[in-house]
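In what follows, every chain begins at residue 1, and chains take the letters A, B, ... in the order their sequences are listed.
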Amino acid sequence: MSEVRLRFPPSPTGYLHIGGARTAIYNWLYAKKHGGKLILRIEDTDTERSTDESMSGILDGLNWLGITWDEGPYLQSDYADDHIQAAQKLIRDGHAYKCFCTKEVLDKKREAAIAAKLTYKYDRTCCNLSQEELADREKQDVPYVVRFKVPDSEGAVIFNDKVYGKIEKAYIDIEDFVIVRSNGKPLYLLSNVVDDIRDRISHIIRGQDGLGNTPRQILIYKALGSNIPEFAHMSLTLDPRKAKISKRSHGEVVTVQFYKDHGFLPWALVNFLVLLGWSTADDKEIFSQKELIEAFSLEGLNKANSVFNYHKGDPKFFTDPKALNINAYYLRTMPIEDLTAAVKEEFKSEGLWDEKYDHEKKKWFQTTLDLIRSRFHTVKDFAVMGRAYFADDYSVDQKAVKKNITKYENINEWLGMLAEKFSELQNFSKDEIERVTRELAAELDIKPGILINGCRTIVTGQLAGAGLFDVLEAIGQDRVVNRLKECRY
RNA sequence: GUCCCCGUCGUCUAGCCAGGUCCAGGACACCGGCCUUUCACGCCGGCGACACGGGUUCGAAUCCCGUCGGGGACGCCA
């Protein structure tokens, strides 16, 4: 009876975007926290716009994020009969009626109302039809839609939203809304409620843009004689100009796929997203899955919309800086085994993976990842900025060349001498490398930094990086010596 | 136009329900310092907000009213 059941009901008309993912996450968290179930339902009743491709994209996105569901995916279109039967029941019980008004006539009335600066609301022409008029039209097979008959008493729909508190909407402000199209297909407002009743949904957590639908849906629940679930509306995610985010106007950066493609750790994205409009009183921001489920509460949901701080074309941040920061945080603090797995996947797709990293070179691989991870923001960085550790086809940063190489006319010669010294080393260890490097600097009477930074530039292609002696030890004697001799830039 | 909702640093937010401990705390970003061969990490410090106006009160970010600002919904879309 008091079973906790939530649902995530995306419509398959596009990829999973971060707003949808956030909704899914909250529902999932609530279900987990209360030992409930999460039902995945694909609301595909808009056959015009629904595609299979979109559906699998959404499923992929959820899977990648680690958002698991307990039932489904159910397809709303499979239950069209239920919806129609519900509509018929509503008509029988006097809660709905057939409306024969044509779209054209309605459009005219609407335009006239707007022109006269009046509020347009369906005038109930067909609700007031006499028995004969109704029978007449039915006999002539005049197409009709089904409209819900909103109570015409004084009252209001009142409900207590878990986030927004008491919400009140007067009946008079609600139009007799259409629940079945003239082609016989049910509409969202109806289908959604009928499905939620059948799926025994106890809690509905959805975006604040659904707040306006709630009073109408509650009317349907009541008319159908069903229990009304708890509602919790969550704030929306806006762009810096305060517009609702959408793939249409913001592109890939608002899709979950984008983050998968750009080296995000799924949990880091979840962690970032959950913070957009939710928080705990103790200001904790980094959560393990277990901690998050434990900490999650509807009370932490913020009523005010939040902005996804993304600026197109920002040279430094390709997405919200906080998202990047959280990803980088996980990258440098996660267990090395987990990091290894993430990098392995990336390397495989980049053709950088070596099976030895799983066997005889495993220790080396992990030590190296650990050496370089604190500077990286995404998993991609390991294959790009960290490329020189794993392959020879790394590119050399020209800024580094300018600063550390071309500035010194004898640098090639010096680095050649360094290569010579390195090649003579019996034990190519960090201490030995350092000793020899400093010795050469002393012989040459130059600052060690010149050798160190020049060496880094040539051997790693990077302007900055971990302590050079650790770097050289990691890259190894042969490769270091060769690269210094070749001195490619 | 009608209805609904919201309004604390640039951004995410704590505090608001149960007014004083808040000349407002944390995180990200930014700036400076320490560390250092570089960069990052780490540590230390700085910048930076209660939308505005009334009221209630000994006392208001917190309660009330108004103004302004923002968002959402008003489809035979979901």
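With distances taken from any side-chain atom of A:Lys322 to the nucleotides B:C12, B:U13, B:U37, the minimum falls on B:C12. Ranking B:C6, B:U13, B:C30 by closeness to the A:Tyr164 side chain, first place goes to B:C6. Distances from the side chain of A:Val307 to the nucleotides B:U13, B:U38, B:U11 place B:U11 closest. Checking B:C30, B:G25, B:G71 against every side-chain atom of A:Asp283, the shortest atom distance belongs to B:G25. Here B:A73 is the nucleotide among B:C76, B:U38, B:A73 with the atom lying nearest to any side-chain atom of A:Lys244. Of the candidates B:C30, B:C76, B:G72, the closest approach to any side-chain atom of A:Gln208 belongs to B:G72.
Summarising the geometry, the separation between NZ on A:Lys103 and P on B:C77 is reported as 7 Å, rounded to the nearest angstrom. B:G72 atom P lies 12 Å from atom CD1 of A:Ile245, rounded to whole Å. Atom pair A:Tyr330:OH and B:C41:C1' shows a separation of 18 Å (rounding to whole Å applied). Distance, A:Arg456 CZ to B:C39 P: 9 Å, rounded to whole Å. A straight line from CZ of A:Phe317 to P of B:A29 spans 6 Å, rounded to a whole angstrom. A straight line from NZ of A:Lys121 to P of B:C3 spans 12 Å, rounded to a whole angstrom. When the P atom of B:C41 is taken as reference, atom CD1 of A:Ile372 falls 16 Å away, rounded to whole Å.
Using a 4.0 Å heavy-atom criterion, one finds that A:Glu285 contacts the bases of the nucleic acid, with or without backbone contacts as well. Within the 4.0 angstrom heavy-atom criterion, only backbone atoms of the sugar-phosphate kind lie near A:Ser11; the bases stay farther away. Note on A:Ile167: only backbone sugar-phosphate atoms sit closer than 4.0 angstrom, heavy atoms only; bases stay farther off. A:Gly467 comes within 4.0 angstrom of a base, heavy atoms only.
Base pairing of B:C68 is made with B:G7, judged by Watson-Crick or G-U wobble geometry with both donor-acceptor distances under 3.5 Å. Across the strands present, B:A73 finds its partner in B:U2; the criterion is a Watson-Crick or G-U wobble pair with both atom distances under 3.5 angstrom. Base pairing analysis places B:C23 opposite nothing; no Watson-Crick or G-U wobble pair with both distances below 3.5 Å involves it.
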| query | Passes side chain to side chain donor-acceptor pair (under 3.5 Å), A:Asn327 versus A:Tyr259? Steps please. | reply | CA-CA 10 Å; A:Asn327 199 240; A:Tyr259 294 86; over 6 Å; no
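Proximity of the aromatic rings of A:His262 and A:Phe258 is defined here by a centroid distance below 6.0 angstrom, and this criterion is met. Ring centroid separation for the pair A:Tyr26 and A:Phe296 comes in under the 6.0 Å cut-off.
Distances shorter than 4.0 Å separate some side-chain N or O of A:Arg110 from OP1 or OP2 on B:G75. Between A:Lys303 and B:C6 there is a side-chain N or O to OP1 or OP2 distance below 4.0 Å. Look at A:Lys169 and you won't find any side-chain N or O under 4.0 angstrom from OP1 or OP2 of B:A73.
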